[in-house]
Amino acid sequence: MALSLSSFLFAICIAPAVLADTVTFDWSIGWVRANPDGLAERPVMGINGQWPLPLLNITKGDNIVVNLHNQLGNQSTSMHFHGMYQNGTNEMDGPVGVTQCDVPPGSSFKLNFTIDQPGTYWYHSHTRGQYPDGLRGQLVVHDPENPYRGQFDAEIPLTVSDWYHAEMPGLLASFVSYKNPTGAEPVPKSALMNDTQNLTIPVEPGKTYFFRLTNIGAFAGQYFWIEGHTMQIIEVDGVYTEPAEASMIYLTAAQRYGFLVTMKTDDSANFAMMGSMDTVSLDIFQPNRDPTDLSMQDLFDVVPDTLNCNSTSWLVYNDAAPKPAALLLDEFEPFDDFTLVPQDGLKLYDHVDYSFNLDLAMNNLGDGAN
Ligand SMILES: *[C@@H]1O[C@H](CO)[C@@H](O)[C@H](O)[C@H]1NC(C)=O
Ligand SMILES: *[C@@H]1O[C@H](CO)[C@@H](O)[C@H](O)[C@H]1NC(C)=O
Ligand SMILES: *[C@@H]1O[C@H](CO)[C@@H](O)[C@H](O)[C@H]1NC(C)=O
Ligand SMILES: *[C@@H]1O[C@H](CO)[C@@H](O)[C@H](O)[C@H]1NC(C)=O
Ligand SMILES: *[C@@H]1O[C@H](CO)[C@@H](O)[C@H](O)[C@H]1NC(C)=O
Ligand SMILES: *[C@@H]1O[C@H](CO)[C@@H](O)[C@H](O)[C@H]1NC(C)=O
Ligand SMILES: *[C@@H]1O[C@H](CO)[C@@H](O)[C@H](O)[C@H]1NC(C)=O
Ligand SMILES: [Cu+2]
């Protein structure tokens, strides 16, 4: 035998550093009950009897194997890893009816692909409009070569989301219907942060944290800010950026931001951290829009008096100090993400040889005849 026992053991020990790991998940998708906004307990889709869903933290280069078992009993399902290029593994992407079939109740599907992109992502069902029933969670791809390594002390993974009390099959039936001629989207009942509200995040003075924030919501964009603190954006949707200072950011559904926040040097006070659902479309991105065209303005066609669009969490420096209510703002002034500069130096295309204008109009079956 050529290989001695000691060199064999040595080979095993160094293997993980040299070869990519395979990370295996066995996931039974089934119903559990949850009440994340404290207003209505409801059935949600959990993994292995748990909800909220687990944060996945894998390392760039890892091979991912997910054994997905559909135990819902009454709905088909699927799984999509949002933002993954799936280069060469298209059949693992998840969009039902595009790259694969649904996983029917009682059946299983094995996902097997390699993640070679660092950054902040998420995973969710890609079966019809199913994921707002709870089947969505955060995915972080750790990068040993992160250009900002050494500049933060710890990571804080966090999500924002809108939340509905009714289940998606009923909401979709009334949304995609001739009885809804304006195409009005269902209005959520609450805003969540990390699938809860009033979250407290313990922090230490002087430390710098790498926040990884994902909007895992169905519909609502969200403004996000931390009172008394500045964010330094370093990543957006899996792309490193040159550092950019922001006091407020805006995340559409599915968007991700990675940013560093340095804590204050004393622990005398705690600070509110806010997520606020956008009920009106973003003025800053549509400077020339017609203010009388309401279809361009309203994200929420109705804003019920009872709806609280906001969720508050706190950076807690000091358990004995109060957790102050968030100050109400009259206006939102989010960071303009068009000004972000990708770290790889990729330039904007500055000219085109041909341009095609497509005018798209949505005909929402206003006459009910189609
Ligand atoms: C969070 O706090 C607010 C204000 O006290 C309260 O109305 C709300 O019910 C709380 N949310 C949860 C999920 O406990
Ligand atoms: C948010 O939820 C994820 C998943 O449960 C958890 O790992 C993470 O620590 C939470 N973040 C905070 C800031 O509590
Ligand atoms: C499927 O079962 C769950 C849990 O019992 C229930 O809440 C849900 O309404 C059912 N969905 C359908 C489409 O029948
Ligand atoms: C996809 O993979 C092929 C084969 O490995 C490679 O040549 C190509 O550059 C990759 N494309 C992207 C966009 O990464
Ligand atoms: C995943 O795919 C790779 C490449 O095709 C293959 O070598 C490996 O055996 C697969 N893993 C599982 C658990 O099926
Ligand atoms: C992910 O794991 C790495 C170590 O492998 C750790 O440094 C990092 O803080 C973790 N990230 C999150 C968001 O938990
Ligand atoms: C939510 O927060 C925004 C921004 O501070 C504020 O304008 C709005 O009045 C708040 N809404 C509620 C219901 O508190
Ligand atoms: Cu997605």
Check: How far apart are the C-alpha atoms of D337 and I233, what are their side-chain angles, what is the distance that settles it, and do they pass the side-chain contact (heavy atoms from CB on, under 4.5 Å) test?
Finding: CA-CA 10 Å; D337 56 2; I233 299 166; over 6 Å; no
Margin query: Any non-hydrogen side-chain atom of Y223 less than 4.5 Å from a side-chain atom of M274?
Written below: no
Item checked: Reported OG-to-NE2 distance for the pair S190 and H165, which is rounded to 0.5 angstrom -> 4.5 Å
Notebook entry, point to check: Is the shortest side-chain N to carboxylate O distance from D143 to R149 below 4.0 Å?
Noted result: no
Notebook entry, point to check: Should R212 and E155 count as an ion pair when the cut-off is N to O under 4.0 Å?
Noted result: yes
Check: Does one hydrophobic cluster hold both I47 and I64, with members joined at side-chain heavy-atom distances below 4.5 Å?
Finding: yes
Check: Side-chain contact, heavy-atom cut-off 4.5 Å: R256 with V236?
Finding: no
Next item on the list: Determine whether L199 and L55 fall in the same hydrophobic cluster, where Ile, Leu, Val, Met, Phe, Trp and Tyr are linked whenever their side-chain heavy atoms lie under 4.5 Å apart.
Entry: no
Next item on the list: Flag the pair N194 / T159 as yes when at least one side-chain heavy-atom distance between them is below 4.5 Å, and no otherwise.
Entry: yes
Margin query: According to a hydrophobic-cluster definition based on side-chain heavy atoms being under 4.5 Å apart (Ile, Leu, Val, Met, Phe, Trp, Tyr only), do F271 and V316 belong together?
Written below: no
Checklist line | In one Ile/Leu/Val/Met/Phe/Trp/Tyr side-chain cluster, 4.5 Å: I58, M79 | finding: yes
Checklist line | F211 and Y257 aromatic centres sub-6.0 Å | finding: no
Next item on the list: Begin with the C-alpha distance, continue with both residues' side-chain angles, and end with the deciding distance and a verdict on side-chain contact (heavy atoms from CB on, under 4.5 Å) for N146 and Y240.
Entry: CA-CA 9 Å; N146 181 347; Y240 292 117; 3.4 Å; yes
Checklist line | Side-chain heavy atoms of Q138 within contact of I216, under 4.5 Å | finding: no
Check: Below 4.5 Å, heavy atoms only, C-beta onward: do F224 and N215 meet side chain to side chain?
Finding: no
Note to self: Just so I know, are the side chains of L135 and T127 near enough to count as touching, which here means a heavy-atom distance under 4.5 Å?
What the structure shows: no
Next item on the list: Answer whether the closest heavy-atom distance between the side chains of V141 and Q117 falls below 4.5 Å.
Entry: no
Checklist line | Where at least one partner belongs to residues 70-100, residue pairs that pass ring-ring contact (aromatic ring centres under 6.0 Å, His included), sequence neighbours excluded | finding: H80-H82, H80-H124, H80-H126, F81-F113, F81-Y123, H82-W122, H82-H124
Margin query: Return the CD to CG distance between Q86 and D93, rounded to the nearest 0.5 Å.
Written below: 5.0 Å
Note to self: For a side-chain hydrogen bond (donor to acceptor under 3.5 Å, both in side chains) check, start with the C-alpha distance between D153 and T208, then their side-chain angles and the critical distance, and finish with the verdict.
What the structure shows: CA-CA 6 Å; D153 298 288; T208 296; 4.5 Å; no
Margin query: I need the I249 CD1 to M231 CE distance, nearest 0.5 Å.
Written below: 5.0 Å
Item checked: Between CD on residue Q197 and CG on residue L192, distance to nearest 0.5 Å -> 6.0 Å
Check: For Y354, which fellow cluster members are found when Ile, Leu, Val, Met, Phe, Trp and Tyr are connected by side-chain heavy-atom distances below 4.5 angstrom, either directly or through intermediates?
Finding: F356
Note to self: I'd like to know whether E91 forms a side-chain contact (heavy atoms from CB on, under 4.5 Å) with T99, so could you lay out the CA-CA distance, the side-chain angles of the two residues, the decisive distance to 0.1 Å, and finally the verdict.
What the structure shows: CA-CA 6 Å; E91 72 282 11; T99 55; 5.7 Å; no
Check: Hey, are the side chains of T89 and T114 touching, using non-hydrogen atoms and a 4.5 Å cut-off?
Finding: no
Check: Atom NZ of K207 and atom OG1 of T265: how far apart are they, to the nearest 0.5 Å?
Finding: 14.5 Å
Checklist line | Q130 and its side chain to side chain donor-acceptor pair (under 3.5 Å) partner, picked from E167, Q75, R136 | finding: Q75
Next item on the list: Step by step, work out the side-chain hydrogen bond (donor to acceptor under 3.5 Å, both in side chains) result for H69 and S108.
Entry: CA-CA 4 Å; H69 310 291; S108 298; 2.7 Å; yes
Next item on the list: Would you please test I115 and M84 for side-chain contact (heavy atoms from CB on, under 4.5 Å) and show each step?
Entry: CA-CA 7 Å; I115 295 189; M84 294 297 126; 3.8 Å; yes
